[in-house]
Amino acid sequence: MQFASRAVFALSIAALTFDIFAQAPGPSAPPPQPVAPVKPVVDDYHGIKVSDPYRYMEKLDDPAMQSWFKGQNDYTRAVLASIPGREKVLARIKELDQTVPQVFATRLPGDLYLILKQLPGENTSKLYKRHGLSGEDTLLVDPEKIQLAPAAQSRGKNTIYGYVASHDNKYLAVCIIPGGSELDGELHVFDMATGRETRDIITQIGAEAWEASWLPDTRSFVYGHIQKLPAGAPESEVRQKFRAYLHVLGTSSASDKPVFGYGVLPSIKVDPSQISSVQIPYASKWALGVVNGSVTPNSAYYIAPANTIGQPNTPWRKVADMSDGVTSISVHGDDLYALTYKDAPRYKVVRMDARKPDLRSAEIVVPSGQPVLKELHGAQDALYVK
């Protein structure tokens, strides 16, 4: 129904736009656009001169810059106002936008659905649960009613950034960020049956690799955590030395221990600039340790039995290094499926044994061809490749 509504919405806008524009008078010319003056500033980097013609624009409080901004704003509004029929189209878009909710659904076992929905007129999306496709929606999480730490409250409205249910559908880990901040997120745990919060709250959650992965016991999970900077440290270092931590329900987050990432394991060297995470696929007995360069498509991958996470000697084994060009791995039983671009510019999918992974002797199951392979997802019945 969501896609049908959006299709009708798009067709309505197209028809309305054509009708209005066909009948509207021609536009009048807008005023001249303000021109930014060129004021070169030359820097000398080891004998190489680099000129910056607009360095002065960095002083946003300069009266001259404020005047230029205002001129640009006036010019832009004049250009938009000169478009024939624009106001009628805009009014119709607003009218339709107030009747179509934004919906994203996640299906869980037992015909249970989690529905992230923003109704017309609402500022943020709320999270609901639904039994069956035709069931009624029951509100689980309203982010605007969640009390965050004082440091985060001044950031703005709370937003649900993501959520992961435990394998038995009893608990829900929800990442909530204030005002779009990527550094002041918090992880809150909810009872799925009642919608009430547990006392499990974790602060200093970074948006890059926050995602909780529930262990097979469904009473503990791993999550990404940004470091707390020491006094006097540059704020730019807050994204350094990323680690994944283990949390057990009912315990204080202050006692959570790092289980993967920078400086955690002597046998796995992680650069301070890299992001580390632990991923445990649904109902899998395996856990993946992932080391990524934040903006790089490829990652280094390690694997260990999921029930050993948090133990003193978790037996991590390397699956792929950064140089292997692996962009994602899917686990199905004891099979590992890896998507890689090494020696395959359009990518290929290979399979190996999770118990003794060897990428060099992996079996090619989807060879590189004309189409570009972008994603793979393992399910109970098949391996789906996009």
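Just so you know, residue 1 is the first one in the sequence shown, and it goes up from there. Just so we're clear, the structure is a prediction, and the values are computed from it rather than from any experiment.
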Between the side chains of Asp343 and Lys348, is the shortest nitrogen-to-carboxylate-oxygen separation below 4.0 Å, so that they form an ion pair? no
Which is it for Gln33 and Gln72 under the side chain to side chain contact (heavy atoms under 4.5 Å, CB included) test, yes or no, and what are the steps along the way? CA-CA 7 Å; Gln33 181 179 6; Gln72 287 288 341; 3.5 Å; yes
Between [X] and [Y], is there a donor-acceptor pair closer than 3.5 Å when you use the side chain of the first and the backbone of the second?
{"X": "Asp321", "Y": "Ser323", "answer": "no"}
{"X": "Arg351", "Y": "Tyr337", "answer": "no"}
{"X": "Ser67", "Y": "Ala64", "answer": "no"}
{"X": "Asn292", "Y": "Thr296", "answer": "yes"}
{"X": "Ser368", "Y": "Ala344", "answer": "no"}
{"X": "Asn298", "Y": "Met322", "answer": "yes"}
{"X": "Ser276", "Y": "Val291", "answer": "no"}
{"X": "Arg355", "Y": "Asp335", "answer": "no"}

With sequence neighbours excluded, tell me which residues meet salt bridge (Lys or Arg N to Asp or Glu O under 4.0 Å) with Lys374. none
With sequence neighbours excluded, tell me which residues meet salt bridge (Lys or Arg N to Asp or Glu O under 4.0 Å) with Asp43. Arg55
Test log, rule side chain to side chain contact (heavy atoms under 4.5 Å, CB included), inputs Phe242 and Ile275: CA-CA 5 Å; Phe242 212 93; Ile275 295 178; 4.1 Å; yes
Kindly list each side-chain donor-acceptor pair under 3.5 angstrom involving residues 190-198, sequence neighbours excluded, with atom names and distances?
residue, atom, partner, partner atom, Å
Asp191, OD1, Ala193, N, 2.8
Asp191, OD1, Thr194, N, 3.3
Thr194, OG1, Arg196, N, 3.2
Glu197, OE1, His188, ND1, 2.6
Thr198, OG1, Val189, O, 3.2
Thr198, OG1, Asp200, N, 3.2
Thr198, OG1, Asp200, OD2, 2.7

Do you know which two heavy atoms are closest between [X] and [Y], and how far apart they sit?
{"X": "Pro258", "Y": "Arg243", "value": "CB-CD, 3.8 Å"}
{"X": "Leu187", "Y": "Ala173", "value": "CD2-CB, 3.7 Å"}
{"X": "Ser51", "Y": "Pro53", "value": "O-CD, 3.8 Å"}

Minimum side-chain heavy-atom gap [X]-[Y] below 4.5 Å:
{"X": "Ile160", "Y": "Cys175", "answer": "no"}
{"X": "Pro40", "Y": "Asp52", "answer": "no"}
{"X": "Ser277", "Y": "Gln279", "answer": "yes"}
{"X": "Ile176", "Y": "Ile205", "answer": "no"}
{"X": "Pro143", "Y": "Thr159", "answer": "no"}
{"X": "Ser299", "Y": "Thr327", "answer": "no"}
{"X": "Pro281", "Y": "Ser330", "answer": "no"}
{"X": "Thr138", "Y": "Arg130", "answer": "no"}

Distance from [X] atom [atom1] to [Y] atom [atom2], nearest 0.5 Å?
{"X": "Gln227", "Y": "Gln204", "atom1": "CD", "atom2": "CD", "result": "9.0 Å"}
{"X": "Lys129", "Y": "Leu108", "atom1": "NZ", "atom2": "CG", "result": "11.0 Å"}
{"X": "Tyr161", "Y": "Glu211", "atom1": "OH", "atom2": "CD", "result": "10.0 Å"}

Look at the side-chain heavy atoms of Ile, Leu, Val, Met, Phe, Trp and Tyr, link any pair under 4.5 Å apart, and say whether [X] and [Y] land in one connected group.
{"X": "Val264", "Y": "Val278", "result": "yes"}
{"X": "Ile309", "Y": "Leu265", "result": "yes"}
{"X": "Leu229", "Y": "Ile226", "result": "yes"}
{"X": "Val372", "Y": "Val366", "result": "yes"}
{"X": "Val248", "Y": "Ile280", "result": "no"}

Of Asn158, Thr203, Ile177, which meets side chain to side chain contact (heavy atoms under 4.5 Å, CB included) against Leu148? Asn158
Side-chain heavy atoms under 4.5 Å apart, restricted to Ile/Leu/Val/Met/Phe/Trp/Tyr: what other residues fall into the cluster of [X], or is it alone?
{"X": "Leu60", "answer": "Val38, Tyr54, Tyr56, Met57, Met65, Trp68, Phe69"}
{"X": "Ile364", "answer": "Trp286, Leu288, Val290, Tyr301, Ile303, Val319, Val326, Ile329, Val331, Leu336, Val350, Met352, Leu359"}
{"X": "Tyr75", "answer": "Val79"}

Would Val174 and Ile146 satisfy side chain to side chain contact (heavy atoms under 4.5 Å, CB included), going step by step from the backbone distance to the final call? CA-CA 11 Å; Val174 181; Ile146 303 300; over 6 Å; no
Can you confirm whether the side chains of Asp381 and Tyr384 place a donor and an acceptor under 3.5 Å from each other? yes
Please enumerate all residues that pass ring-ring contact (aromatic ring centres under 6.0 Å, His included) together with Tyr347, with sequence neighbours excluded. Tyr341
Can you name the residues that form a ring-ring contact (aromatic ring centres under 6.0 Å, His included) with His167, not counting sequence neighbours? Tyr282
Under 3.5 Å, which donor-acceptor pairs link side chains of residues 214-223 to any protein atom two or more places apart or in another chain?
residue, atom, partner, partner atom, Å
Trp214, NE1, Val164, O, 3.1
Asp217, OD1, Arg219, N, 3.0
Asp217, OD1, Ser220, N, 3.2
Asp217, OD1, Ser220, OG, 2.9
Asp217, OD2, Ser220, OG, 2.9
Thr218, OG1, Asp168, OD2, 3.1
Arg219, NH1, Asp168, OD2, 3.0
Tyr223, OH, Asp256, OD2, 2.7

List the steps and the verdict of side chain to side chain contact (heavy atoms under 4.5 Å, CB included) for Ile202 and His225. CA-CA 9 Å; Ile202 304 169; His225 203 284; 3.9 Å; yes
More than 12 heavy atoms of other groups within 6.0 Å of Asn313 CG: no
When the side chains of residues 113-125 are checked against the rest of the protein, which donor-acceptor pairs come out under 3.5 Å, sequence neighbours left out?
residue, atom, partner, partner atom, Å
Lys117, NZ, Asp137, OD2, 2.6
Gln118, OE1, Ser125, OG, 3.4
Gln118, NE2, Glu122, O, 2.8
Glu122, OE1, Leu119, N, 2.9
Thr124, OG1, Glu144, OE2, 3.4

Which pairs pass side chain to side chain donor-acceptor pair (under 3.5 Å) with one or both residues in residues 257-272, sequence neighbours excluded? Asp271-Ser273
Keeping to residues at least two apart or across chains, list the ring-ring contact (aromatic ring centres under 6.0 Å, His included) pairs with something in residues 310-329. Phe260-Trp316
